[in-house]
Undergrad: 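Questions regarding the structure given below will be posed in turn.
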There are 2 protein chains.
Amino acid sequence: MEQEKEIFFEHLKKEGFKKTGQREKILEVFLRTEGHSSAEDIYSLVRAEDPTVGFTTVYRTLKLLTECGLARQEKFADGYTRYEHGYNHQHHDHLVCIKCGSLIEFFSEVIERKQDEIARKFKFQPTHHSLRIFGICHQCQIQHQAVAS
Amino acid sequence: MEQEKEIFFEHLKKEGFKKTGQREKILEVFLRTEGHSSAEDIYSLVRAEDPTVGFTTVYRTLKLLTECGLARQEKFADGYTRYEHGYNHQHHDHLVCIKCGSLIEFFSEVIERKQDEIARKFKFQPTHHSLRIFGICHQCQIQHQAVAS
DNA sequence: CTAAATGCAAACCATTTGCAACGGA
DNA sequence: TCCGTTGCAAATGGTTTGCATTTAG
């Protein structure tokens, strides 16, 4: 928490931006989230604690957090961009159910290593990656059977 | 080409939809594309051959093509949804340059196998996946050095 | 004939931007 | 004080929808 604040404020100073209450509040709320939150999710959470913060500021701050590596954004098929932690959080990938939208997280050392190897082969300097396996989760497979019979 | 048309027309019949000239034209154009085309890209290409086809029909047809597995869509950070072949085209993943936007395609048997293994572990029935490694491509690394010195 | 398809224009909707008031440094 | 920041409202832009007309089956 303190480390992340440090990183954020340092980034602001470096860019000549200002440290404000709204920005700090949004960072705090974002750090408390787990998984994948949309700007709207963050906005609601921030709103609950400080109703004066606007939608726009949430968007602008999430952009800043992304710039300094504290957040990572990913576009989803439903049209929303979602944000997850980008610092001090173990990286993981996702199984995405195309029926119910649920997310399962996983991590594979083998895949991570192989990716680095591939990047090296193409003289590509990787910063991050996104691996999503789409399909039907176990729950939905069971339900589908029930409906079919 | 003929196989794909077969699949498409079969899908239309099954769903009680109609086979139209526009739909066939859009499929033909789509099949000729390589890589990742936005709806707008397809629209321009179709337009060049048949100026009467509308934007809306392209969107609606790409949706149909996706439904029957001939196309696969992916949302990109620039806001555009892009479509690539989903049938009879060897699957591949991407290195995405965050500086110039260029795409490098790659394929790894190891990663593919590992993904299936992971899906199995979670009793997840995979349909497809998307792996993107973001970073700086070799070209942009060289340019950056040139600017810095 | 009849229900689906088409293309236009308008609607949608997540996100971004213009702007006047505000507030760090 | 000086510029960046804020929140509102309006704009943006890719995509979708309503509707009157056309067309496949």
Side-chain angles (χ1 to χ4, degrees), chain A residues 5 8-27 29-30 36-68 71-83 101, chain B residues 5 8-27 29-30 36-68 71-83 101:
Chain A
K5 285 197 176 180
F8 186 37
F9 296 151
E10 202 48 51
H11 175 71
L12 293 177
K13 186 176 285 180
K14 202 185 67 197
E15 299 285 330
F17 298 149
K18 289 169 183 172
K19 174 177 156 182
T20 69
Q22 289 95 325
R23 284 177 174 167
E24 185 165 3
K25 170 63 75 183
I26 293 166
L27 171 60
V29 167
F30 169 70
H36 319 77
S37 313
S38 65
E40 200 171 342
D41 294 337
I42 307 279
Y43 173 69
S44 310
L45 291 169
V46 171
R47 258 305 165 113
E49 298 179 28
D50 182 351
T52 71
V53 176
F55 222 82
T56 317
T57 306
V58 172
Y59 272 103
R60 288 194 275 229
T61 304
L62 285 171
K63 194 176 180 184
L64 291 172
L65 294 178
T66 305
E67 281 167 18
C68 65
R72 196 151 285 163
Q73 44 173 306
E74 200 154 342
K75 273 201 180 293
F76 282 68
D78 64 4
Y80 284 86
T81 301
R82 292 199 172 67
Y83 299 81
Chain B
K5 285 197 177 180
F8 187 37
F9 296 151
E10 202 48 51
H11 175 72
L12 292 178
K13 186 177 283 179
K14 204 186 67 197
E15 299 284 331
F17 298 149
K18 291 170 182 169
K19 175 176 155 181
T20 69
Q22 289 95 325
R23 284 178 175 167
E24 186 164 4
K25 170 63 75 185
I26 292 165
L27 171 59
V29 167
F30 170 69
H36 319 78
S37 313
S38 65
E40 201 171 342
D41 294 336
I42 307 279
Y43 174 68
S44 311
L45 292 168
V46 171
R47 259 303 166 112
E49 299 179 28
D50 182 350
T52 72
V53 175
F55 223 83
T56 317
T57 306
V58 172
Y59 272 104
R60 288 193 275 229
T61 303
L62 285 172
K63 194 176 179 182
L64 290 172
L65 294 179
T66 305
E67 281 167 19
C68 64
R72 197 151 286 165
Q73 43 174 307
E74 199 154 341
K75 272 199 179 296
F76 281 68
D78 65 4
Y80 284 86
T81 301
R82 292 198 171 68
Y83 299 81

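Values below: every heavy atom of this structure, side chains too, minus hydrogens, waters and symmetry copies. Every value quoted in this text rests on a predicted model; they were computed, and no experiment measured them. We name chains A, B, ... by the order of the sequence lines, and we start the count at 1 in each one.
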Undergrad: State plainly whether the residues Glu24(B) and Lys5(B) are in salt-bridge range, i.e. N to O under 4.0 Å.
TA: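 Salt bridge flag = yes for Lys5(B) with Glu24(B).
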Undergrad: Lys13(A) has an atom NZ; how far is it from atom P of dC3(D), in whole Å?
TA: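 The answer, rounded to whole Å, is 20 Å.
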Undergrad: On the nucleotide dG14(D), are OP1 or OP2 found under 4.0 Å from the side-chain N or O atoms that Tyr80(B) carries?
TA: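 For dG14(D), OP1/OP2 do have a side-chain N/O of Tyr80(B) under 4.0 Å.
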Undergrad: What integer distance in Å separates Asp41(A):CG from dT15(C):C1'?
TA: 15 Å
Undergrad: Expressed in angstrom and rounded to an integer, what is the separation of Phe55(A) atom CZ from dA11(D) atom P?
TA: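 Spelled out: CZ on Phe55(A) to P on dA11(D) is 19 Å.
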Undergrad: Counting only side-chain N and O atoms of Arg23(B), is one of them less than 4.0 Å from OP1 or OP2 of dT6(C)?
TA: yes
Undergrad: If I take atom CG in residue Leu62(B) and atom P in nucleotide dG14(D), what distance separates them, rounded to the nearest angstrom?
TA: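 Answer to the nearest Å: 15 Å.
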Undergrad: Could you check which of dT6(C), dT16(C), dT16(D) has an atom nearest any side-chain atom of Tyr59(B)?
TA: dT16(D)
Undergrad: State whether Thr81(B) places a side-chain N or O below 4.0 Å from either non-bridging phosphate oxygen (OP1 or OP2) of dT15(D).
TA: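 Answer is yes, contact under 4.0 Å.
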Undergrad: Mind checking if Ser38(A) touches a base, just sugar-phosphate, or nothing, with heavy atoms under 4.0 Å?
TA: nothing
Undergrad: If the cut-off is 4.0 Å, is Gln22(B) near the phosphate of dG7(C), judged by side-chain N/O to OP1 or OP2?
TA: yes
Undergrad: Taking N or O atoms only and anything under 3.5 Å, show me the protein contacts with nucleotides 22-24 of chain C, one pair per line.
TA:
residue: dG23(C); atom: N2; partner: Lys18(A); partner atom: NZ; Å: 2.7
residue: dG24(C); atom: N2; partner: Lys18(A); partner atom: NZ; Å: 3.3
residue: dG24(C); atom: N3; partner: Lys18(A); partner atom: NZ; Å: 3.4

Undergrad: Is Arg47(B) reaching over with its side chain to a backbone N or O of Val53(B), donor-acceptor style, under 3.5 angstrom?
TA: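 A pair under 3.5 Å: yes.
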Undergrad: If you assign Leu12(A) and Thr56(A) each to the DNA chain D nucleotide with the nearest heavy atom, which residue ends up on the more 5' nucleotide?
TA: Leu12(A)
Undergrad: Leu45(B) versus Glu49(B): any side-chain heavy-atom pair under 4.5 Å?
TA: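 SC-SC contact between Leu45(B) and Glu49(B) ruled out.
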Undergrad: Hey, which sits more toward the 5' end of DNA chain D by its nearest nucleotide, Lys63(B) or Asp78(B)?
TA: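 In this pair, the answer is Asp78(B).
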Undergrad: Nearest-Å distance, CZ (Phe17(A)) to P (dT6(D))?
TA: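 Result: 11 Å.
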Undergrad: Quickly work out the Arg60(B) CZ to dT16(D) P distance and round it to whole Å.
TA: 10 Å
Undergrad: Measure the OG1-NZ distance between Thr20(B) and Lys25(B) for me, rounded to the nearest 0.5 Å.
TA: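 Going from OG1 on Thr20(B) over to NZ on Lys25(B), the span is 12.0 Å.
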Undergrad: Without decimals, in angstroms, what is the distance between Leu64(B) CG and dA4(C) P?
TA: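 Nearest whole value for this atom pair: 14 Å.
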Undergrad: For Glu40(B), report the nucleic acid contact type (base, sugar-phosphate, nothing); a contact means any heavy atom under 4.0 Å.
TA: nothing
